[in-house]
Amino acid sequence: MEWFASRLLRWFDEHGRKDLPWQRDIDAYRVWVSEIMLQQTQVTTVIPYFERFMARFPTVVDLAAADIDEVLHLWSGLGYYARARNLHRAAQRVAEELNGQFPATPEALEALPGIGRSTAAAIAAIACGKRAAILDGNVKRVLARFHAVPGHPGQTQTLKALWAHAEAHTPEDRIAHYTQAIMDLGATVCTRVRPACTRCPLAGRCEARSRDATASFPERRPAKAKPERAARLFLIVDSAGACLLEQRPVDGLWGGLWTPPERPVDTQAVSVCEEFSINETQIAAFHQAPPFRHTFTHFHLDIHPVYVRLDPGSPRAMDRPGVLWFAPATPQAVGLSAPAAKLLASLSTDLQEFQRT
DNA sequence: TACACGTGGGG
DNA sequence: TCCCCAAGTGT
């Protein structure tokens with residue numbers, strides 16, 4: 001085995017992480033779910049979601065049989081909800097077309113929705129012992145520094161070079177440990193800021209280290225200005241405290257999740273109520289709360305909440321597909337965006353506050 | 001090929 | 001308060 005993998009594996013035996021939830025009772029399903037959850041998401045964030053998800057869906061057949069609303073419910077707050085929808089679709093395909101058996105090759109895995117090149121390799125390596133190279137954020141950082149790879153990883157040329165290095169270092173033996181090891185090194189030693197080079201098993205041949213330029217690799221992506229957006233969020237609440245939610249289109253932001261109606265800032269409460277067959281005469285009171293900012297990767301959204309209280313006894317808007325009265329006291333198992341969950345959690349408190357003022 | 005897609009932590 | 005970005009994929 002070559003120097004790189006050999007040094008890394010020796011370090012892993014002593015310092016690697018071996019007690020994460022998905023490292024117990026290893027099978028392809030558990031590894032798959034963990035890898036999807038871990039896409040663009042840190043380990044400490046994933047752990048409680050993974051535990052809840054596995055308790056509810058112990059096997060791929062359980063997941064395949066579930067309602068998508070319940071899957072999104074367990075994903076609420078984790079972000080990138082297309083991951084949950086793809087996970088559900090892939091589970092159904094595995095259960096129905098593959099007799100519940102996971103593919104064991106990177107090629108077959110990558111054919112499933114939500115599984116790309118790196119995730120396919122991770123599952124094949126960790127769960128099936130197949131030699132396959134991964135390239136996640138940790139590995140990119142380790143390799144960019146070790147080989148002093150110029151350019152930022154968003155550039156095609158840079159990405160290609162990093163993949164080539166990843167393939168070249170991947171050993172035949174102990175592939176599962178190696179895969180975990182290189183991620184662990186990036187996560188705990190070769191960190192984005194202030195890497196602990198004195199504890200690094202690869203420091204002796206690290207090109208960035210020898211140039212005393214670890215901070216220059218990988219190169220930072222050019223910063224872009226984040227657009228500012230604003231929207232009103234209408235919290236239409238009946239006398240029982242239930243709040244009207246609508247299901248968002250599956251494509252786009254918060255796809256498939258349920259949120260209070262989000263409309264342009266110049267939208268009036270009366271016109272939104274009209275959309276849901278609520279007459280103006282049924283509105284008991286409304287109140288505009290101070291806006292708060294929700295920050296996304298690509299833009300800022302200033303959310304202006306508008307609370308609309310309906311008269312007691314006034315008939316609810318008709319139940320139709322895509323419309324739901326959400327009772328915070330007895331929550332339905334549906335997916336909620338983080339801002340929606342936050343507003344619904346404090347709904348009764350906020351309403352009492354407004355009544356006083 | 002860029003861009004969209006969430007949320008929370010750290011500097 | 002603001003910026004970067006983390007076990008990436010799909011279009």
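Quick note on labels: first sequence line is chain A, next is B, and so on, each numbered from 1. Quick caveat: nothing in here was measured; it's all calculated off a predicted structure.
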Could I get the full list of ring-ring contact (aromatic ring centres under 6.0 Å, His included) partners for Tyr178(A), not counting sequence neighbours? none

So which pairs with a foot in residues 225-258 of chain A pass ring-ring contact (aromatic ring centres under 6.0 Å, His included), sequence neighbours left out? Trp254(A)-Phe296(A)

Asp69(A) meets the salt bridge (Lys or Arg N to Asp or Glu O under 4.0 Å) criterion, sequence neighbours left out, with none

N/O to N/O distances under 3.5 Å, protein versus nucleotides 9-11 of chain C:
from: dT9(C); atom 1: OP1; to: Gly116(A); atom 2: N; distance (Å): 2.8
from: dT9(C); atom 1: OP1; to: Gly116(A); atom 2: O; distance (Å): 3.3
from: dT9(C); atom 1: OP1; to: Thr119(A); atom 2: N; distance (Å): 3.1
from: dT9(C); atom 1: OP1; to: Thr119(A); atom 2: OG1; distance (Å): 2.9
from: dG10(C); atom 1: OP1; to: Gly114(A); atom 2: N; distance (Å): 2.4

Of all of residues 10-21 of chain A, which get a heavy atom below 4.0 angstrom from DNA chain C, listed by number? Arg17(A), Leu20(A)

According to salt bridge (Lys or Arg N to Asp or Glu O under 4.0 Å), who are the partners of Arg141(A), at least two apart in sequence or on a separate chain? none

Heavy-atom contacts under 4.0 Å between residues 181-193 of chain A and DNA chain C, which residues? Met183(A), Arg192(A)

With a 4.0 Å heavy-atom cut-off, tell me which residues in residues 74-84 of chain A come close to DNA chain B, sorted by residue number. Gly77(A), Leu78(A), Gly79(A), Tyr80(A), Tyr81(A)

Salt bridge (Lys or Arg N to Asp or Glu O under 4.0 Å) involving Arg293(A) - partner list, sequence neighbours excluded: Glu228(A), Asp302(A)

Applying salt bridge (Lys or Arg N to Asp or Glu O under 4.0 Å), can you list everything that pairs with Arg117(A), at least two apart in sequence or on another chain? Glu167(A)

Provide the full list of side chain to side chain donor-acceptor pair (under 3.5 Å) pairs with a residue in residues 187-209 of chain A, sequence neighbours left out, each pair given once. Glu207(A)-Arg211(A)

List in numerical order all residues of residues 123-156 of chain A for which some heavy atom is under 4.0 Å away from an atom belonging to DNA chain C. Asp136(A), Gly137(A), Asn138(A), Arg141(A)

